[in-house]
There are 2 protein chains.
Amino acid sequence: MPTIKDVARRAGVSVATVSYVLNNTGTVSEATRQRVLKAVEELGYRPSVIARGLQARESRMIGYSWQPMPPDQFNPILEKFIHSMAEAAARHGYHVLAYPCRTPANEVDVYREMVESDRVDGFILTNTNLDDPRVRYLLDVGFPFVAFGRSNPDWDFPWVDVDGADGVRQAVNHLLELGHRRIACLAWPKDSLTGQYRLQGYREAMADAGLEVDPAWVIRTENYYRHAYRATQRWLTLPPDRRPTAVIALTDLMAIGVMNAAADAGLRIGPDLAVVGFDDAPITGYLRPPLTSLRQPIAEVGERVVTMLIDLVQGQRPDPAQVLLKPRLIIRDSTRLSACTQYVTRNT
Amino acid sequence: MPTIKDVARRAGVSVATVSYVLNNTGTVSEATRQRVLKAVEELGYRPSVIARGLQARESRMIGYSWQPMPPDQFNPILEKFIHSMAEAAARHGYHVLAYPCRTPANEVDVYREMVESDRVDGFILTNTNLDDPRVRYLLDVGFPFVAFGRSNPDWDFPWVDVDGADGVRQAVNHLLELGHRRIACLAWPKDSLTGQYRLQGYREAMADAGLEVDPAWVIRTENYYRHAYRATQRWLTLPPDRRPTAVIALTDLMAIGVMNAAADAGLRIGPDLAVVGFDDAPITGYLRPPLTSLRQPIAEVGERVVTMLIDLVQGQRPDPAQVLLKPRLIIRDSTRLSACTQYVTRNT
DNA sequence: GGCCGGGACTTAAACGTTTAAGCCCATTAT
DNA sequence: ATAATGGGCTTAAACGTTTAAGTCCCGGCC
């Protein structure tokens, strides 16, 4: 690999001049400028990002870590998210360093190590929660980061989030328009901030419609298929006048659990029980029936967190520092009252 | 951030001594050694990986790029793959640099840029194909890489692959044991090397069983749901004595297309038409019926490609340089002759 | 004609490490 | 007693850049 010295020698100038030409700084005559560029071209020279990094005390790397899903769950947004981040980063000469986050126990240690060894210039966090220790640590040491997701409202830090409350409100309103009144919500445990926001959207939309929420309609579970399945079975044992006619699940995976439980109980998804998911995983369109779901603008989130972070790294506070994007309700047959075909359980 | 100079000053020694202590090289007395370690501890010093990289002419970074899926397809293995690579890399002090591969057109350019700017010490390739230009380029410039997937058999380079032929053979044998004789294969276009291997496994297993393959049983399509759906419709129009009773699809996505088309035609999946997928996506277990599928040992592939690459980067040819791992057939209801419940289309 | 300004370049320090080479001194061998 | 050995440390070069400071020379101004 040729270095800047080789270029300088071949062009008959000093390395400084070469550097000035390459960075468009300093004052260089057009003649030498051309000679230098010619030498660069002939040698196929490219500056070493490591040497540059040492000099500038920056790595032009963005760290991103996530927690792996359990084998029976799926992460429908990871691929698109990483991809949009990497694209946006590349446009500014940055790259994404992806690293796993083993156990949550030593989570902060992993961040600390990256910070102290100068591996990255900043971080993207996802899956933040209330009083997130990673956010706290990075705020304390003053290291640049942007979060996909909110945390403690009293902490001032840059984030981008998808307005889950708005999304669920859209879903409720859609179901209301279809005539549903007994709408259930399959929510997450109380310690999930994202779950809180989404559930809040549900309660607000119901209240706005003047509907009282039967406590039995809200069930909180971890994000597992089998929990959703069982929760649905519980709903179906309610007396007919309290039994939900529609369910909003906070995950496509849970929505699938709802659909399967209902189908197994002989209900037609759509006419007998409307189901809405969240995330619009690629699979949703191929389910029977296709699942109505809330699509998050993941590509835009990835793009924005990265450009905000690069602002931050380069010393300017991103503006705006907090961004709330709206999800979009993708309507499919799982919330149609009269689908022309239905897919139900049949005993053989 | 404290540097090695700060440590040296505080310990009252030269920077060289500090370096010797930290790297366990040179000869240092136990007394100074302790003093240095104490200073390191007190200052919270950690060596800069950038400076180390400049000195050692290495970045301790592994580049990995992949092509984003179209929005209506999904990549069931990406998350697990990146995760296992990053884990294995971290164990050796390496990190994974993830970057998107925009259009295949300038694909090699992206690799070239990373190579020439010293960004990474080596690459992991996936989705390699016959005469893959990336493989060719990296071989030509002599840059370290390991591929997940094979390419031109005449090219000698390190790879790890999953034995698709063996997987499909397992699937065929499983179907044969169930009594199936007319087994179809929903394959990929001819230019896909992975598709070739898998299809070859199908032909071999059928030949071993003494069964002739009706040309109509093999349909090649791109990896899209709708193509699988249409292919299945074509099979179902065959006369009863030529109509397949089982289908092996090279992707879970295509298997879903097969299942839905068959269900829409009034067939019971399992008894009337057995279906096998490939990849064992997390969703497969929740489909109705749950889909029999071939699970690739992705975590092991990720782990092996990385350790092989690190061997290579450190100057030793990995041994073995080519690894072929076997997939495992996960048997579910989509290949059971007498499932107790069945999920079919019903007109309302 | 001398001085000043500034354009065009070079010199050299700096970034934070590693490591070959050198130095000093105590110990051992001759 | 002197030379050789080697342990324990320091010095300094090197990695490939950037950039502040310095040098040189030419043209314009008084």
Side-chain angles (χ1 to χ4, degrees), chain A residues 1-40 43-61 93 113-121 314, chain B residues 1-37 39-40 43-61 93 113-121 313-314:
Chain A
M1 292 276 99
T3 76
I4 199 173
K5 286 187 193 167
D6 301 318
V7 176
R9 201 174 311 121
R10 177 175 262 257
V13 295
S14 71
V15 295
T17 304
V18 177
S19 178
Y20 288 135
V21 168
L22 293 174
N23 297 296
N24 272 318
T25 57
T27 54
V28 187
S29 74
E30 189 54 28
T32 36
R33 177 188 177 70
Q34 290 304 331
R35 254 187 309 142
V36 168
L37 291 176
K38 186 154 162 278
V40 166
L43 292 172
Y45 165 78
R46 210 178 291 251
S48 153
V49 305
I50 300 216
R52 277 192 163 163
L54 179 59
Q55 162 70 28
R57 265 161 304 269
E58 65 176 22
S59 61
R60 299 210 144 234
M61 283 268 155
E113 196 200 315
M114 307 279 282
V115 169
E116 295 182 352
S117 62
D118 287 346
R119 257 285 183 219
V120 300
D121 294 343
Q314 297 181 347
Chain B
M1 291 276 99
T3 76
I4 199 172
K5 285 187 192 166
D6 301 317
V7 175
R9 200 174 311 120
R10 176 174 263 258
V13 295
S14 72
V15 294
T17 304
V18 177
S19 179
Y20 287 135
V21 169
L22 292 174
N23 298 297
N24 271 319
T25 57
T27 55
V28 187
S29 73
E30 189 55 28
T32 34
R33 177 188 178 68
Q34 290 306 330
R35 252 189 309 141
V36 168
L37 290 176
V40 165
L43 293 172
Y45 166 77
R46 211 178 289 252
S48 152
V49 304
I50 299 214
R52 276 193 164 161
L54 177 60
Q55 162 70 27
R57 265 160 305 267
E58 65 177 21
S59 62
R60 298 208 147 236
M61 282 270 159
E113 196 200 316
M114 307 278 285
V115 169
E116 295 181 354
S117 61
D118 288 345
R119 257 282 184 220
V120 299
D121 294 343
V313 165
Q314 297 181 345

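The sequence lines fix the lettering, A, B, ..., with proteins before strands; numbering per chain opens at 1. Below, each value reflects all heavy atoms present in this structure, side chains not excepted, and no hydrogens, waters or symmetry copies.
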Protein-nucleotide distance ([X], atom [atom1]; [N], atom [atom2]), rounded to Å:
| X | N | atom1 | atom2 | value |
| --- | --- | --- | --- | --- |
| B/Asn24 | C/dT18 | CG | P | 12 Å |
| B/Arg9 | D/dT10 | CZ | C1' | 16 Å |
| A/Met1 | D/dC15 | CE | P | 16 Å |
| A/Leu54 | D/dA14 | CG | P | 17 Å |
| A/Ile50 | D/dG16 | CD1 | P | 11 Å |
| A/Gln34 | C/dA8 | CD | P | 14 Å |
| B/Glu116 | D/dG16 | CD | P | 15 Å |
| A/Ile4 | D/dA14 | CD1 | P | 18 Å |

Nearest-nucleotide pick for [X], side chain only, options being [options]:
| X | options | result |
| --- | --- | --- |
| B/Ala16 | C/dT18, D/dT11, D/dT17 | D/dT11 |
| B/Gln55 | C/dT19, D/dG16, C/dC9 | C/dT19 |
| A/Tyr45 | C/dG16, D/dT11, D/dT17 | D/dT17 |
| A/Thr17 | D/dG16, C/dT10, C/dT17 | C/dT10 |

Reckon [X] has a side-chain N or O less than 4.0 Å from the OP1 or OP2 of [N]?
| X | N | value |
| --- | --- | --- |
| A/Lys5 | D/dT17 | no |
| A/Ser19 | D/dT18 | yes |
| B/Ser29 | D/dC9 | yes |
| A/Ser48 | D/dG16 | no |
| B/Arg52 | C/dG16 | no |
| B/Thr32 | D/dC9 | yes |

Can you name the closest pair of heavy atoms from [X] and [Y] and give their distance?
| X | Y | answer |
| --- | --- | --- |
| B/Ile50 | A/Leu54 | CG2-N, 3.5 Å |
| A/Asp6 | A/Met1 | OD2-O, 4.4 Å |
| B/Ser59 | A/Arg119 | O-NH1, 3.3 Å |

Under 4.0 angstrom, heavy atoms only, what part of the nucleic acid is [X] near: base, sugar-phosphate, or nothing?
| X | answer |
| --- | --- |
| A/Arg33 | nothing |
| A/Ser14 | base |
| B/Thr27 | base |

How do B/Tyr20 and B/Asp118 order along DNA chain D: which one's closest nucleotide is nearer the 5' end?
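Its nearest nucleotide lies further toward 5', so the answer is B/Tyr20.
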
Assign each of B/Val15 and B/Arg57 to its nearest nucleotide of DNA chain D by heavy atoms, then name whichever residue's nucleotide is nearer the 5' end.
B/Val15

Is there side-chain contact between B/Arg33 and B/Asn24, with heavy atoms separated by less than 4.5 Å?
yes

Measuring from A/Arg46:CZ to B/Glu116:CD, what's the distance to the nearest 0.5 Å?
4.5 Å

Determine, step by step, whether A/Ser19 and A/Leu22 satisfy the side chain to side chain contact (heavy atoms under 4.5 Å, CB included) criterion, reporting the C-alpha distance in whole Å, the side-chain angles of both residues, the deciding distance to 0.1 Å, and the verdict.
CA-CA 5 Å; A/Ser19 178; A/Leu22 293 174; 5.9 Å; no

